[in-house]
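First the structure, in the form of structure tokens, and then the observations on it.
The chains referred to below are lettered A, B, ... by the order of the sequence lines, with proteins before strands, and numbering in each begins at 1.
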Amino acid sequence: MKYRVLALACSALLLSAGETVAEVPSVIAIRGARIVTVSGPVIARGAVILRDGLIEAVGDAQPPPGAWIIDGEGLTVYPGLLDALSTLGLPDTPSLNGTGRPNATRPQGAPPAVPRGPEDRPLNTSYLRAADELSPTDRRLEAARNAGFTGAVTFPTQGVFAGLGAVIDLAGKRPGQMVVQSPAGLYLTTHSGGFGSGYPSSLMGVIAYIRQIYLDAGQYKTAKAIYAAHPKGLKRPGYDKWLEGVLEAPRVLLPARDPKEMERMLRLGEELNLKVLLYGLAEGFRAPEILKNRNAQVLVNLRWPEKPRAADPEAEETLRDLETRDLAPSTPAALVKAGVKFAFYAGALEKPSDVAPAIRRAMNAGLSHDNAVRALTLNVAELYGVSDRLGSVEKGKIANLVVTRGDLFRDKTEVKYVFVDGIKYEPAAEAPAPAPEVTR
Amino acid sequence: MTKLPWAALAAGITLAAAPPIVIQNARVLTVTRGAFTGAVIVKDGKIAEAAEKVMIPPGARVIDAGGQYLMPGIIDCHSHIAADSINEGAASVSSMVGIEDVLNPDDISIYRALAGGVTTANILHGSANSIGGKCTVIKTRWGKDADGLKFEGAMPGIKFALGENPKRQGMDDGPAGSRRNLRYPGTRMGVEDVIREAFTEAKAYQARWKEYEAGKARGETLIPPRRDLKLEPLVEVLEGKRFVHAHCYRADEILMLLRVADEFGFKIRTLQHVLEGYKVAREIAAHGAGASTFSDWWSYKVEAYDAIPYNAAIMVRKGVLVSLNSDSGELMRRLNTEAAKTMKYGGLTETEALSLITINPAKQLKIDDRVGSIEVGKDADLVLFDKHPLSSYAKVQKVFIDGVVYFDRDKDLSERRLLELNKRKLLEKEKQSAPQQKKQDRRPQ
């Protein structure tokens, strides 16, 4: 018990003001609360028992002796929200604000300054692991928890082959304790270096580059297997850390904003035999059937398109742009209707408190509350293959919960408690929003 | 695709088993079979009949084109529309990239070209590279997705470029006002060298794979060679499976390229721009290369100073297969008047002039079995003009691709008001909701 008190003091030091101290009893029982399990029906009134960071029981269970009791009267328990694509826990990684460009500085051992072809492995840090770069002191973690988030899938974001992401919990004493699953996928962008920066300098260059890298990776795998079986008399294939990273990824995230890009990227994925998660989808409402027909799985950006801030007031906007701004929030409802599996991501929003208003816009455009919750919980877990551990209030899963007064995403809803790995966090009522960490 | 108003212009809606269409009383300019006043019957996307007198099939949709002119859809052998990127300028051999990967079916230039009577276009990579990217032949099927644009079955192509464009890429400001060349080559000699080196590499690559296949056939344990997307298209060129479309201006360079091609054993399918082609027309004809040029566009760079408007006509008379191209989304809308200029400069006949934008580019792209003239069995890609297409007063009335109306002038004009109305409504809606959002933002957090 002394150890626990010490740990309590330590986490108190780690946490900044505005969020009360995390408590670490080994058994917690939330009693008399409404429980939105997501995986099953809503329990109008019941208990959730948490033991040693896991969910021990859900429903009409009795609190075991010695448990810390939390009165859930008038509260609702949800699975903790999961951000399907973010940079949380990676304070040195540029945010996903949609305009991110690779930094001028390159990581050590990077290719020559002006790459001339795929052989130079330009804009490629496929070997970089989010799990290795995590920082539990990233101050954005607290803001995310205050908005109900307990987990995220977090990625390096620079370059074309940005790196390997990890499913993480949004709290932990040490970086390693935050990791739930690594690698979770490889994050790709189509940001070329632009003119004068070397290969690839165009969209088609980027696509050709991606294709060549996957062909190389296939050949590398074959060559290594043949060599391993017959090392005598064969020339040794060289070690290639970029291809190692590519081969390790269980899935690939590819960008797609509109139907044209959806088809383009899904075709590329089929051609290269990749398991693809499309991300973006602002104009998904235009042709959800493309996604359905190709069995696509998608991550929808909660940052709905806005009028460019520095727009030329004289410039005439196209009907298409106006329509996109008007109808982008109807994408989630259109996906539900078409039967396309999707999750939301908040990584491109300026701050986690922008999530609820963004969800409300999607709900005004036809998305049900249930589906909205699902797209930030169980669907995220399922799309990343961790639904055996995360995404719902179920016995045996990781004790990540958000407890609210009022329905999630409502204007006046109060996030009462957040549990991460069974540890309780309590957002302060008037926590000042942290400065947005968006690079522009 | 979608029922939204922006797509209302997308007239191309294919119906299963569409009824036959009869375009009658038109002056039909077949290009390959003379001209007559009569009718064309379209069935299942193909030209089923073209004659002075026809039997109207039961259930046919009849279009009375009295006083109007029907010609085959215009073909542009050199265009850069409908693609999200054009140049991969970082390498002087960028054969690994291809337009097919970045086709943009939403580019409004497609609709504009269509409205100018263009039904087929060769979408080329840019001219920043000695050996550029792969090209794609499309039909201007506005409203279709990227796959729906592709001219199915057309021979694949690749862009080459000679002269100023490939040699001046990647310049930047060096110290004290000087200019630095960041990318080889920096001279015309260098361009030749880059092409030679690339094909030497391609031959070695081809040999490496043959050797591997042979070894494998003998049952040896071998690690397969790496597939190289840069060299694969060049091997296809060597094997005659991919056409070379080479951007060029000067006579000396044209001869250089023909010599290099002869030496390595491949053909140049078309010389593009080829403004000094008239100086070496016999040599071009002897190689069997086609020429795709401008009507009267020159002096926009030093190497275009020796261009003359008689270029197309002279090359035609010397036995070169000639077409006129646009290289521009704007010029593309009026290739018919470009063709007409060759009657003034060089005295081509009406049919010869029309050939430059129909059957000749079809032959250059080897799609003349499908398009390029009004003949029974060919694709029903047709343009209806209100006046003779070689008149500068002629306006496109209707355009058919595969027998489907993709452009209708009356429909376009009548829909403009609706589009404008929708736009104003959305602007108004956005204005209404803007102040509310601001209020929300001011809420204490």
Side-chain angles (χ1 to χ4, degrees), chain A residues 114-118 122 192-193 195-209 211-212 215-216 218-220 222-223 226-227 229-230 233-235 237 258-261 263-264 267-268 285-287 290 307 317-320 322-323 325-327 351 353 357 411 430-433, chain B residues 1-2 4-7 83-106 108 125-126 133-134 145-147 169-172 182-183 221-230 419-420 422-423 425-427 429-430 434 437 440-441 443-445:
Chain A
V114 183
R116 290 299 179 209
S192 68
F195 190 79
S197 66
Y199 182 87
S201 68
S202 66
L203 177 63
M204 61 184 160
V206 169
I207 293 175
Y209 177 41
R211 186 178 282 125
Q212 183 71 64
L215 285 178
D216 286 357
Q219 198 261 357
Y220 182 64
T222 310
I226 295 176
Y227 183 74
H230 312 273
L234 275 183
K235 201 176 168 217
D258 56 20
K260 162 189 80 180
E261 294 178 356
E263 295 223 306
R264 184 181 286 161
R267 240 192 348 253
L268 185 67
F285 65 91
R286 292 189 191 277
I290 292 174
K307 192 172 181 158
E317 289 190 278
T318 64
L319 179 56
R320 182 170 177 140
L322 293 168
E323 259 175 17
R325 288 211 295 272
D326 187 40
L327 295 174
K351 50 190 190 300
S353 55
D411 199 5
E430 290 291 318
Chain B
M1 243 175 101
T2 148
L4 294 163
W6 71 269
D84 278 339
S85 63
I86 292 298
N87 266 306
E88 173 50 56
S92 199
V93 179
S94 64
S95 37
M96 71 291 266
V97 307
I99 294 292
E100 189 179 344
D101 284 335
V102 292
L103 276 178
N104 175 10
D106 302 331
I108 192 67
H125 182 276
K134 296 171 275 184
D145 62 15
D147 263 344
Q169 290 305 315
M171 299 281 281
D172 78 347
L182 294 176
R183 195 194 79 184
T221 301
L222 294 170
I223 292 173
R226 166 181 180 265
R227 275 187 64 192
D228 190 321
L229 295 178
K230 182 179 85 174
L419 291 175
E420 198 44 48
N422 283 330
K423 205 166 155 177
K425 259 191 227 160
L426 282 171
L427 280 169
K429 189 175 167 189
E430 201 165 58
Q437 272 174 4
Q440 274 179 359
D441 286 348
R443 214 159 30 90
Q445 304 262 348

Taking all non-hydrogen atoms of both residues, which atom of [X] and which atom of [Y] are closest, and how far apart?
X       : Y       : value
L229(B) : A208(A) : CD1-O, 3.9 Å
G205(A) : V97(B)  : CA-CG1, 3.6 Å
S201(A) : A90(B)  : OG-N, 3.8 Å

What's the spacing between [X] [atom1] and [Y] [atom2] if we round to 0.5 Å?
X       : Y       : atom1 : atom2 : result
T318(A) : L419(B) : OG1   : CG    : 11.5 Å
R183(B) : R116(A) : CZ    : CZ    : 7.5 Å
N87(B)  : M204(A) : CG    : CE    : 6.5 Å
R286(A) : D106(B) : CZ    : CG    : 8.0 Å
I207(A) : E88(B)  : CD1   : CD    : 11.0 Å

Of the listed residues ([options]), which shares the most heavy-atom pairs with chain A below a 4.5 Å separation?
options                           : answer
I99(B), D228(B), N104(B)          : N104(B)
V93(B), L222(B), L427(B), L426(B) : L426(B)
R227(B), R226(B), E420(B)         : R226(B)

Side chain, backbone, both or neither: which part of [X] has a heavy atom under 4.5 Å from chain B?
X       : result
Q212(A) : both
L322(A) : both
R211(A) : both
L234(A) : side chain

Query raised in the report: Based on non-hydrogen pairs under 4.5 Å, which of V206(A), I226(A), D216(A), T222(A) is most in contact with chain B?
Result: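 Heavy-atom pair counts peak at D216(A).
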**Report entry** Sole candidate of L103(B), V102(B), D101(B) that passes side chain to side chain contact (heavy atoms under 4.5 Å, CB included) when paired with R264(A)
**Finding:**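 That would be V102(B); it is the only one of L103(B), V102(B), D101(B) passing the side chain to side chain contact (heavy atoms under 4.5 Å, CB included) with R264(A).
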Query raised in the report: Are side-chain heavy atoms of D326(A) and E430(B) found at a separation under 4.5 Å?
Result: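 Sidechains of E430(B) and D326(A): no contact.
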Query raised in the report: By a 4.5 Å heavy-atom criterion (distance strictly below it), what part of S94(B) contacts chain A: side chain, backbone, both, or neither?
Result: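 Looking at S94(B), nothing touches chain A.
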